[in-house]
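Source: prediction; values computed, not measured.
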Amino acid sequence: METLGERRRRILKAVVESYLRTGEPVGSKTVAEQFGGSVSSATIRNEMAELTRRGLMEQPHTSAGRVPSTEGLQYYVSSLMEPEPIPDRVKNAIDSLFLGGVADTAKVVEHAAALLSELTNYAAVGSTPVNSSAKISRVELFPVSDGMVAVAVITTEGEFRTGLCRVALNEHVQSIIAAFITRELQGLRLTAVDMPLMNGIAAKCGQYTMLTVPVLQSILTICEEMAHSRILLEGQANLLRRREEDGAATFEALKLLSDRKLLSNLLDNSKGGITVRIGGSKKDSDVGVASLITAKYLLGGGSFGCIGVVGPVRMDYASVISYIEYFAGTLGKLLKESDEE
């Protein structure tokens, strides 16, 4: 996009911030007042018309003022917005949440999301850490009862997860199947385990194929769970309280929260630092007309999780982004220190 001159930047900033506060179209007279009379309303009208031509503003009705477009909001967030400083008392409240250390990572992320939701008055989302480079070390089978075995997948970093599988195996066959599957999967990334791979392994099992298939199905489920983060949601009621103020955008935000698979993919694909997805554009069509703002917290060794906020497009971006950055930094530091102990 062509660089904006200083006056147009100030006008766009004024329009965005007024719209975010009131939800109403912004007229040239309102903007002129913010310039202290140094620029006439006529000049501002011409500049607003040019910003509209460039796709940064829209005019809902012929006689109405302007509102920022999705592209205008993105430009504001990336180039014009000044992050809102977090008061020390709020930082102390956030820090105190983590004083007890880490007994359960999911609980820590859940509590962080709950406090983030309370502070921002939007819905908050968190994801547990996921290691995108994790590889399979071995597969083990344990008898549970007649006709039931426990399947364990262990990674090269010592992480493991188990699942139950309904199949009748004697100790000898159980040992053969576990050793064979381990040889086939050892060294593969969790993300590489899919149905075609499992079908290929099953085809190699000969006389044990029928007994191996349910075990492989269980392993596939476990690997998919381990390769993706667990999604934790807090504060959906905040969106319900906003439904009269923000209308359809609120329901789009709730719709996004209800699609766990989409939400998981969006969080797993977040870039480093703050990721701002503002709905309404082709680029962020997955979020509808809602907004999703996230930040990664990093643990080292390729492990990461996300924490963020979901809400309507008309959101207090300046304060929300400051909160999310602080939460992500604090959460990552705490979990990394716990992991190194």
Side-chain angles (χ1 to χ4, degrees), residues 16-23 68 70 73-74 76-78 80-98 106-128 229 231-258 263 266-267 270 273-280 284 287-297 305-334:
V16 170
E17 292 179 349
S18 178
Y19 173 73
L20 293 179
R21 283 194 308 271
T22 67
T70 301
L73 287 171
Q74 286 282 12
Y76 167 77
V77 170
S78 63
L80 304 177
M81 185 191 73
E82 298 169 10
E84 194 75 28
I86 301 175
D88 288 339
R89 59 178 178 77
V90 177
K91 286 185 179 180
N92 292 336
I94 296 171
D95 293 342
S96 67
L97 177 69
F98 303 117
K107 280 293 182 186
V108 172
V109 177
E110 184 179 14
H111 290 158
L115 181 55
L116 178 60
S117 172
E118 181 181 337
L119 291 171
T120 61
N121 286 316
Y122 298 109
V125 57
S127 66
T128 54
S229 53
I231 303 299
L232 305 163
L233 304 178
E234 294 289 335
Q236 296 96 313
N238 287 338
L239 297 180
L240 292 174
R241 286 193 285 270
R242 290 177 175 273
R243 63 187 182 275
E244 291 184 5
E245 179 182 351
D246 294 300
T250 295
F251 288 102
E252 284 289 325
L254 289 168
K255 181 180 176 182
L256 174 61
L257 290 173
S258 68
L263 200 53
L266 290 172
L267 296 185
S270 294
I274 289 284
T275 300
V276 180
R277 293 182 172 91
I278 300 177
D284 291 309
V287 298
V289 293
S291 284
L292 171 65
I293 306 174
T294 58
K296 280 185 177 179
Y297 59 87
C306 279
I307 190 164
V309 157
V310 177
V313 167
R314 194 165 67 82
M315 181 186 289
D316 183 4
Y317 294 98
S319 63
V320 167
I321 288 175
S322 293
Y323 280 125
I324 292 173
E325 284 184 324
Y326 192 81
F327 267 94
T330 306
L331 188 57
K333 181 181 178 182
L334 174 73

Student check: side-chain heavy atoms of [X] and [Y] closer than 4.5 Å:
{"X": "L20", "Y": "Y76", "result": "yes"}
{"X": "P83", "Y": "I321", "result": "no"}
{"X": "T294", "Y": "L267", "result": "yes"}

Please identify each residue that fulfils side chain to side chain donor-acceptor pair (under 3.5 Å) with [X], with sequence neighbours left out.
{"X": "S319", "answer": "D316"}
{"X": "S127", "answer": "none"}
{"X": "Y317", "answer": "S291"}

What distance separates [X] [atom1] from [Y] [atom2], expressed to the nearest 0.5 Å?
{"X": "L116", "Y": "N121", "atom1": "CG", "atom2": "CG", "result": "10.5 Å"}
{"X": "L232", "Y": "E110", "atom1": "CG", "atom2": "CD", "result": "6.0 Å"}
{"X": "Y19", "Y": "L73", "atom1": "OH", "atom2": "CG", "result": "7.5 Å"}
{"X": "I231", "Y": "T128", "atom1": "CD1", "atom2": "OG1", "result": "7.0 Å"}

Chi angles and distances behind the side chain to side chain contact (heavy atoms under 4.5 Å, CB included) call for I86, L119: CA-CA 11 Å; I86 301 175; L119 291 171; over 6 Å; no
Shortest non-hydrogen contact from [X] toward [Y]:
{"X": "Y297", "Y": "C306", "value": "CE2-N, 3.4 Å"}
{"X": "A113", "Y": "G126", "value": "CB-N, 4.5 Å"}
{"X": "G235", "Y": "S117", "value": "CA-OG, 3.1 Å"}
{"X": "M315", "Y": "V310", "value": "CE-C, 4.2 Å"}
{"X": "T22", "Y": "R314", "value": "C-NH1, 3.8 Å"}
{"X": "V16", "Y": "P68", "value": "CG2-CB, 3.7 Å"}

Show me the side-chain donor-acceptor pairs of residues 322-331 shorter than 3.5 Å, one per line, residues at least two apart or across chains.
unit_1 : atom_1 : unit_2 : atom_2 : d
S322   : OG     : E84    : N      : 3.3
S322   : OG     : E84    : O      : 2.7
S322   : OG     : A318   : O      : 3.1
Y326   : OH     : D95    : OD1    : 2.9
Y326   : OH     : D95    : OD2    : 3.2
T330   : OG1    : Y326   : O      : 2.8

Partners meeting side chain to side chain contact (heavy atoms under 4.5 Å, CB included) with S258 (sequence neighbours left out): none
Residues forming a side chain to side chain contact (heavy atoms under 4.5 Å, CB included) with Q236, sequence neighbours excluded: L233, L254, L257
I274/V77 under side chain to side chain contact (heavy atoms under 4.5 Å, CB included): CA gap, chis, key distance, verdict: CA-CA 11 Å; I274 289 284; V77 170; over 6 Å; no
Pair N92, R89: side-chain N/O donor-acceptor within cut-off below 3.5 Å: no
